[in-house]
Structure formats: C-alpha cells, structure tokens
Undergrad: 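Once you've had a glance at the structure underneath, I'll fire off some questions.
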Amino acid sequence: MFELMMERVRSWKRRYITLHVIFITVFIATVAAMGITILVEGHIVWKVVLGSAASSAIATLGTGLLASDFIEHLKNTEDALKESEAHTRALLDAVPDLLFVLSSEGVFLDYKSATGSTTYRSPDEFLGKALHEVLPPALAEETLHHIQEAHETGEVTQFEYQIMVKGELRDYEARCTSTSPGRILVIVRNITQQKHAERALAASEAEYRALYRLIRLMADNVPDLIWAKDLEKRYLFANKAICTKLLSARDTDEPIGKNDLFFASRERDAHPHDLQWHTFGEICQDSDSIVMASQEAQRFDEFGNVKGEFLYLDVYKAPFWDENGAMIGTVGCGRIVTQEREEQERRRQAEAALKAERASLARRVEERTTALQTANAQLAQALRAKDEFLANMSHELRTPLTTILALAEMMQHHIYGPLDERQDKAMRHIEESGRHLLALITQILDLSKIEAGKLALDLEEVDVEATCQASLRLIEQMAKGKQLHIRYDRDEQVTTFQADALRLKQILVNLLSNAVKFTPEGGYMGLEVQGDQEAGILRFNVWDTGIGIAEEDLSQLFHPFVQLDTGLAREYGGSGLGLALVYRLTRLHGGSVSVKSTVGQGSQFTISLPWRQADGNRQEMPRKSKANAPAINTQASNQAHYKSPLILIADDNTTSREILRDALTAHGFRVQTAPDGISTLNQIQTDQPDLVLLDIQMPGMDGFEVIQRIRAAPRTRSLPIVTVTAMAMPGDRERCLEAGADIYVSKPLQIGQLLETIRALTGFKPV
C-alpha cells in the first residue's frame with residue numbers, strides 16, 4: 001500500500017512538472033507579446049515590444065534560456081519530495097493503526113499494518129475481496145454503511161466494534177475518510193485496553209455510586225447526628241438527622257460549604273423576638289477548634305436552644321485525616337440526650353431523696369432495732385419468767401396434789417385404817433377430783449410446751465390395737481355412767497406404726513371423752529381405725545350421736561380456751577383445751593384433723609397420721625441405757641428375806657416425806673428422811689441406804705448437784721436414784737436422766753407404781 005502511495009506521489013510530481021513547464025512557456029509568450037519587462041532574479045531580461053512573429057521567436061528563445069534554471073529547480077523539488085517521502089514513510093511506520101484502502105463499494109484495494117500487529121485475518125487475504133467475504137455479516141454491513149456515508153458526505157465517519165481475534169474478544173475503533181473519488185481510507189485502531197479500562201472505571205464508578213448511596217442511606221437512617229467538616233469548619237458531609245434536628249437545612253446538600261454560624265444566624269434572624277431561639281453555633285465551632293488544636297478525638301457535652309427548645313447533645317469529634325496522614329478537617333457524631341439528662345437529673349434527685357430516706361430509715365431501723373432488742377430482751381425475760389412461773393406453778397400445784405392423791409390412794413388401801421362405805425366413797429371423789437385437776441394442769445403445761453416449741457415426740461413402734469383398747473378403757477366408766485353404746489372397728493391390715501404412744505393415747509382419750517360428754521344417755525359412740533397403704537395414711541375416726549356442732553362454730557373448735565357453750569348456765573363443762581391439744585399434737589406428728597358434724601345428729605373427728613412402719617429410724621428421746629444404769633443391789637436382794645431395804649426419802653416438803661414414809665413402811669421398807677441436799681449426802685454416808693427417792697427442788701443444794709456427788713463417789717456410784725419431783729416442764733425428765741438418775745417420776749405420783757419401781761430396783765419381795 002505504501003509503494004502504491006509513493007508511486008502515486010511520483011505520478012503527481014511528473015504531472016506537476018509538465019504543467020509547470022507549459023505554464024511558464026505560455027507565460028513568457030504572453031509577456032513578450034505584451035512588451036512587459038521580465039525580471040529574472042532581479043535583472044531585466046526582456047524589455048522589448050515586438051510584433052507577433054517576433055514575439056513568438058523571442059518566446060522560443062526565452063524558453064530555451066530558462067530551461068536550464070528550471071531543470072535545476074525541478075531537481076531540487078524532486079529531492080525535497082524524496083525527503084518528504086522518507087519522512088512520510090517513517091511516520092506511517094510509527095503509526096500502530098491498520099490502514100485499509102477500499103472502494104466505495106466495499107472492496108479491499110490496499111492496506112498497511114504496523115509491525116507485530118494482530119489482525120482478524122492476514123491482510124493479504126483481504127485484497128480484492130468485498131467486506132462480506134472477509135468480515136462477519138453484521139460487522140461487514142456496519143462498515144459498508146460508514147464507508148458509503150464517508151464517500152457521499154466527504155466527512156470522516158467513525159464507529160466502534162468488537163470481534164474475536166485468536167479466541168479473544170477485542171475492541172476496535174474505525175475511521176473512514178474519502179481520499180479520492182471512489183476510494184475510501186479506513187484507519188482501524190485496537191482500543192481493547194482502553195475499553196477494558198473504561199469498563200473497569202465504569203464498574204468502579206457504579207460501585208462507588210452504590211457504596212456512596214449505601215453510606216448515604218445508612219447515615220440518613222441513623223437517628224444520631226453525623227457530619228464531616230473541612231479545616232475552615234465548613235460542612236463536607238451532613239446526614240439527614242443533623243439537617244433536620246440541628247441546622248434546619250432544607251436537604252443534605254444545603255450544608256455543604258457552609259458552617260454552623262450560617263445556620264445559627266439564619267435561625268436567629270428569622271426569630272428576632274426570641275434571643276434564645278437558637279444558641280447553637282458558636283459552641284460547635286469552639287469544640288471543632290479544640291479537636292483540631294489537640295489533634296485528638298474528644299467527647300463533649302454541648303447544650304443550648306434549638307428552635308426554641310433546650311437540648312443536650314452528647315458529641316464525639318475526631319480529626320479527619322486523608323490517605324497521606326494530613327488533617328483535612330474534623331468528623332463527628334452526636335446524639336440528642338435531653339430526655340436522658342432530664343431522667344438522670346430526676347434519678348439524681350430521686351437518689352438524693354432515697355439516700356436521705358435511707359439515712360432516715362437507717363436511723364429509724366436503728367431506733368426500731370434498739371426498741372426490738374429491748375422488746376426481745378423483755379420478751380425473753382418474760383418468757384423466762386413465764387417458764388419459771390410455769391415451773392414454779394407446776395411444782396406448787398403438783399406438790400399439794402401429790403399429798404391429796406397419795407393420801408386418798410393410801411386411805412383407800414386402808415393404810416391408815418379401815419373406812420366405811422361413805423368414807424370410801426368420799427376418798428374416791430377426792431381422788432377423782434384430784435385426777436381431774438391434775439389433767440387440767442397437765443393440759444395447760446402441755447399446751448405451753450407446744451406453743452414454746454419445747455415439746456418433742458418420743459417416736460416408737462406403737463401397737464395400734466393395744467393403744468386403742470387402753471384409750472377405750474380410760475373412758476369406759478364414764479360411758480357406762482351414761483349407758484352409752486361403744487363400737488370399735490379396726491382395719492385388720494393395721495397393726496403397728498411409728499408414733500408417740502403417750503401422745504397418741506392423749507389424742508384419742510380427749511376425743512373419746514368429748515364424745516362421752518356431748519352424747520345423751522343411751523346414745524352411740526365409737527372408734528374406727530382405717531389404713532390407706534397407697535396414700536401412706538392411718539385414720540382414727542371418733543364418732544358420736546351427740547348434740548352436734550353448728551357449721552359456723554367449726555372454725556373455732558381448735559382454738560385454746562374457746563368453749564362453744566359459754567353461758568353462765570352452760571350444760572357442759574370443760575376447759576376448752578382438749579381439742580386445741582388434739583390439733584397441735586396431731587400436727588406435731590405430721591398429721592391433720594378434720595371434723596364433720598350435723599346439729600342434733602352427731603359429730604365425727606378424723607385424725608390422719610403418716611403411716612410410718614417400723615424401719616429402724618425410731619426417734620426416741622434420750623434414755624438411760626441399761627449399760628449406764630446402776631446395777632441392782634444384789635446384796636440387798638440376797639438379804640431381802642432377812643432384812644428389808646433402807647429407803648432414803650430426800651424432800652423439802654414435810655407432808656410429802658411423811659406420806660411416802662407411811663406408804664413405804666406399810667409395805668415393809670425401812671425408811672430414813674432428809675429435808676435438804678446436804679443432809680441427804682450426810683445420811684448416805686452414815687446410813688448407806690439401798691435406794692434414794694430424791695426431790696430436785698430443795699434448799700441449799702438442789703437434786704442435780706446431789707446426784708452428781710453421789711455418782712462421783714466410788715462408794716455410792718451404783719446407788720439407785722429415783723427422782724420424785726414436781727418438775728414436769730419440757731426437758732426436765734431428760735435433765736434428770738442425764739444427771740445420773742435411774743428413774744424419773746413426776747408428781748403427783750401413784751403410790752402403787754412407785755412401789756413397783758422400788759421393788760424392781762432393790763429386788764425386795766416382802767413376805
């Protein structure tokens with residue numbers, strides 16, 4: 001293609017020279033004909049006016065004269081053209097583009113390709129072929145369109161296209177221009193890298209725009225204030241919150257390039273009547289200055305009026321650094337914390353008030369604690385006084401009762417001589433009244449023990465049949481006196497269970513006694529025992545056909561000292577303690593009490609107790625084991641038929657000593673007495689008794705110390721000791737046994753039982 005172009009240039013040059021010679025010849029002839037002076041390089045060549053024949057000769061002569069100069073000029077021109085040709089060749093070789101010459105019909109005529117350039121096909125394959133024979137149809141059609149447009153308009157047309165070259169999709173730019181009639185020069189440039197860069201840039205810009213949009217959405221959806229400022233404290237960025245809540249800006253673009261004072265001034269100017277309408281602005285810029293001066297992030301408490309409303313802002317500001325580490329401004333975020341600060345203030349005031357209240361409460365608590373301590377001390381003193389009172393009352397009541405009951409029993413046994421029928425009946429009444437009084441005293445003391453939490457159960461394996469029969473025997477005489485019919489039924493599967501036998505009997509006797517009391521003559525009453533193995537419950541039902549209980553009175557039954565028949569002329573007696581004891585003793589066993597009653601038809605009381613079988617976990621009160629008990633005086637036993645045992649009675653009550661002495665003497669025992677503890681110890685040393693009946697409450701030295709001294713002396717260590725005392729408060733029995741007594745007997749005592757105890761300990765069998 002290049003050679004073709006050079007040849008065309010040479011052809012144009014030859015044509016130019018020929019035309020130039022013709023032009024000069026004509027010019028000279030014309031000049032000669034006109035008689036014009038010809039100047040060649042500043043010299044006059046011709047200055048003649050001739051005729052036409054002469055002019056023709058002259059022209060011929062002039063032409064000859066100028067030919068040599070003109071040939072030299074043409075030679076110089078050719079050299080210049082060669083130099084231009086070389087320069088043009090160098091330029092074309094340096095151009096990386098592909099150059100094609102096509103006809104206006106789209107036929108490839110010539111080409112020029114840069115060294116090492118990669119083409120769709122070898123350019124040699126293009127020559128002489130039409131576009132549709134070489135290029136893909138769509139590209140061929142588009143190229144032909146632009147070629148024809150350049151041919152028709154004479155203007156440069158330009159288009160871009162993509163084509164696969166050696167398996168790679170490449171981008172090209174084509175420019176079409178008309179060089180001569182019917183010939184089109186097409187310049188093709190490879191713009192693949194440029195397009196890749198443009199696409200990457202477009203993708204990056206799209207990503208940037210998406211990221212910016214995301215950041216903008218995030219910033220605008222955050223309720224906190226977010227911004228960035230330049231070194232002149234003008235806004236570079238502002239989110240929606242700061243625009244609406246602080247600046248009163250129309251949109252997020254308005255703050256850009258403006259500072260806080262602009263918006264503060266605008267607000268103040270809009271509300272001149274209210275000087276405190278907007279006081280933010282200066283304080284914002286002051287904190288900006290602090291951050292830029294310190295070049296450190298800091299937190300600020302900013303406050304003031306915005307739109308006439310006082311606000312607190314919790315603000316965090318930091319220096320704004322560029323990628324080179326140069327500070328270009330500040331960035332910050334803030335939150336309106338007015339409500340929180342007001343709440344903090346209210347909380348602070350509340351805490352201060354609470355602190356004051358606590359101090360006041362502490363003083364009151366201290367005062368109340370002191371008062372309670374005083375009250376507790378007084379209560380403890382009152383409880384001790386109560387215990388002491390009950391103990392003293394127990395002693396004081398049981399001591400005369402001992403005398404009464406003992407004398408009544410001894411007189412009924414004719415120890416003081418025979419009695420006639422009337423005297424014997426009187427003695428029975430005395431004993432009966434004494435036993436009743438003793439029962440009342442026992443109930444009062446038991447209730448006091450329970451209320452004080454000092455009554456402990458002595459759990460053991462209880463024979464249900466034996467306990468029920470014993471309870472029925474105790475009320476048998478009372479029932480016979482009213483001609484009552486008694487029924488007793490027991491579930492055969494019920495034999496034994498764990499309970500306190502004494503307290504169980506006390507529960508049953510109280511209920512049976514009430515049934516006897518409130519059942520008219522000739523009525524019916526009974527005791528039923530039912531076992532529920534699945535539920536583990538044992539039920540004792542005591543029923544009667546008596547007067548019954550009104551429904552409104554049922555809730556008062558188990559309160560102490562409450563009697564439903566409270567009139568002065570009440571028909572039924574009683575202390576009102578029996579059912580209260582039944583309820584509390586049942587609860588101590590882990591059971592419950594229920595009652596069903598109909599007025600005029602009778603009542604049924606049900607005691608439900610845990611059915612605990614004997615399992616080796618008996619919870620008994622401590623008792624003196626046989627291993628620790630003093631041995632029976634075998635010497636006295638061996639001499640029993642020859643000499644009766646000597647019993648020492650130690651009691652500060654003269655009447656008690658005399659009654660016991662009379663009873664023991666009447667049954668063959670020898671008796672010595674002592675009025676106090678010291679006398680007791682002295683007589684033990686001198687008389688060497690076989691057994692001591694010892695009272696606990698004695699003047700000078702109490703019974704506990706006497707026991708300790710007896711047990712401490714080797715000679716008397718095994719001497720049998722039976723405490724006979726009116727001490728019947730909780731723990732008294734245990735204290736006596738732990739001190740070293742063999743047997744504990746509480747007053748009032750039964751002479752017959754005491755005699756059996758003494759005989760068992762001494763081995764004495766009277767003749």
Side-chain angles (χ1 to χ4, degrees), residues 1-6 8 87-218 323:
M1 175 179 178
F2 178 75
E3 294 299 333
L4 178 63
M5 291 178 66
M6 291 298 100
R8 289 174 180 171
H87 180 68
T88 302
R89 181 185 297 274
L91 288 176
L92 289 174
D93 288 340
V95 173
D97 299 336
L98 293 172
L99 304 178
F100 292 94
V101 177
L102 291 89
S103 68
S104 59
E105 290 79 16
V107 177
F108 285 93
L109 302 177
D110 200 357
Y111 75 93
K112 186 269 177 185
S113 63
T115 303
S117 63
T118 303
T119 59
Y120 172 64
R121 289 185 184 178
S122 174
D124 294 335
E125 299 179 18
F126 294 4
L127 297 178
K129 295 182 180 180
L131 288 169
H132 290 87
E133 296 179 274
V134 178
L135 300 179
L139 179 58
E141 187 67 29
E142 184 178 9
T143 304
L144 181 60
H145 168 75
H146 287 284
I147 287 175
Q148 291 176 349
E149 184 179 354
H151 174 68
E152 293 172 359
T153 63
E155 296 179 356
V156 176
T157 60
Q158 179 179 337
F159 66 99
E160 294 178 0
Y161 64 91
Q162 288 183 322
I163 193 169
M164 295 295 296
V165 178
K166 294 185 178 181
E168 179 183 353
L169 184 64
R170 297 186 182 184
D171 292 273
Y172 291 91
E173 177 188 72
R175 298 189 181 197
C176 305
T177 181
S178 177
T179 59
S180 62
R183 294 179 180 268
I184 305 299
L185 175 64
V186 180
I187 303 173
V188 179
R189 176 171 294 180
N190 187 343
I191 59 172
T192 302
Q193 292 183 351
Q194 176 184 340
K195 284 298 181 179
H196 285 176
E198 289 177 355
R199 293 188 189 102
L201 179 61
S204 177
E205 290 178 350
E207 183 178 355
Y208 169 78
R209 286 192 295 272
L211 180 60
Y212 178 80
R213 179 175 178 273
L214 178 62
I215 293 174
R216 166 57 68 184
L217 288 174
M218 290 171 58
E323 62 274 9

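Because only heavy atoms are used, hydrogens play no part in the values below, and waters and symmetry mates are left out as well, while side chains stay in.
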Undergrad: About how many Å separate CD1 of Ile163 and CG of Leu169, when rounded to the nearest 0.5 Å?
TA: 9.5 Å
Undergrad: In Å, rounded to the nearest 0.5 Å, how long is the span from CG of Leu102 to OG1 of Thr179?
TA: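 With rounding to 0.5 Å, CG (Leu102) is 10.5 Å from OG1 (Thr179).
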Undergrad: Side chain to side chain contact (heavy atoms under 4.5 Å, CB included) with Leu211: which residues, sequence neighbours excluded?
TA: Ile215
Undergrad: Just verifying a value: how many Å separate Thr157 OG1 and Glu152 CD, rounded to the nearest 0.5 Å?
TA: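 The OG1 atom of Thr157 sits 10.5 Å away from the CD atom of Glu152.
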Undergrad: More than 12 heavy atoms of other residues, nucleotides or ligands under 6.0 Å from CD of Glu168: yes or no?
TA: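 Yes, enclosed.
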Undergrad: Below 3.5 Å, can you tabulate the donor-acceptor pairs from side chains in residues 141-148 to any protein atom, sequence neighbours excluded?
TA:
{"unit_1": "Glu141", "atom_1": "OE1", "unit_2": "His132", "atom_2": "NE2", "d": "3.3"}
{"unit_1": "Thr143", "atom_1": "OG1", "unit_2": "Leu139", "atom_2": "O", "d": "2.8"}

Undergrad: Test Phe100 against Ile184 for side-chain contact (heavy atoms from CB on, under 4.5 Å), laying out the working first.
TA: CA-CA 8 Å; Phe100 292 94; Ile184 305 299; over 6 Å; no
Undergrad: Please enumerate all residues that pass salt bridge (Lys or Arg N to Asp or Glu O under 4.0 Å) together with Glu207, with sequence neighbours excluded.
TA: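 None.
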Undergrad: If you apply the rule side-chain contact (heavy atoms from CB on, under 4.5 Å), what do you find for Asn190 with Val165, and how did you get there?
TA: CA-CA 11 Å; Asn190 187 343; Val165 178; over 6 Å; no
Undergrad: Sequence neighbours excluded, which residues qualify as side-chain hydrogen bond (donor to acceptor under 3.5 Å, both in side chains) partners of Thr177?
TA: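 Not a single residue meets the side-chain hydrogen bond (donor to acceptor under 3.5 Å, both in side chains) criterion with Thr177.
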Undergrad: Can you give me the closest heavy-atom contact between Arg175 and Glu173, atom names plus distance?
TA: NE-OE1, 3.6 Å
Undergrad: Could you tell me which non-hydrogen atom of Leu131 sits nearest to which non-hydrogen atom of Ala140, and how far apart they are?
TA: O-CB, 3.7 Å
Undergrad: With a 4.5 Å heavy-atom cut-off, do Tyr161 and Val188 have their side chains touching?
TA: yes
Undergrad: As an exercise, state the distance from CZ of Arg183 to NE2 of His151, rounded to the nearest 0.5 Å.
TA: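 Here the rounded value is 12.0 Å.
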Undergrad: Find the distance between OH (Tyr111) and CZ (Phe126) and round it off to the nearest 0.5 Å.
TA: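 One gets 10.0 Å once the value is rounded to the nearest 0.5 Å.
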Undergrad: Taking only distance into account, with no hydrogens and no angle test, what donor-acceptor pairs under 3.5 Å do side-chain atoms of residues 194-204 form with protein atoms, sequence neighbours excluded?
TA:
{"unit_1": "Gln194", "atom_1": "NE2", "unit_2": "Glu198", "atom_2": "OE2", "d": "3.0"}
{"unit_1": "Lys195", "atom_1": "NZ", "unit_2": "Glu160", "atom_2": "OE1", "d": "2.7"}
{"unit_1": "Lys195", "atom_1": "NZ", "unit_2": "Glu198", "atom_2": "OE1", "d": "3.4"}
{"unit_1": "Arg199", "atom_1": "NH1", "unit_2": "Asp171", "atom_2": "OD2", "d": "3.3"}
{"unit_1": "Arg199", "atom_1": "NH2", "unit_2": "Asp171", "atom_2": "OD1", "d": "2.9"}
{"unit_1": "Arg199", "atom_1": "NH2", "unit_2": "Asp171", "atom_2": "OD2", "d": "3.2"}

Undergrad: Looking at every non-hydrogen atom in both residues, tell me the closest pair between Cys176 and Ala150 and how far apart they are.
TA: O-CB, 3.6 Å
Undergrad: Could you pull out all residues at least two apart from Glu105 that satisfy side-chain hydrogen bond (donor to acceptor under 3.5 Å, both in side chains)?
TA: Ser103
Undergrad: So, taking the atom named CZ in Arg189 and the one named CG in Leu99, what distance separates them when rounded to the nearest 0.5 Å?
TA: 10.5 Å
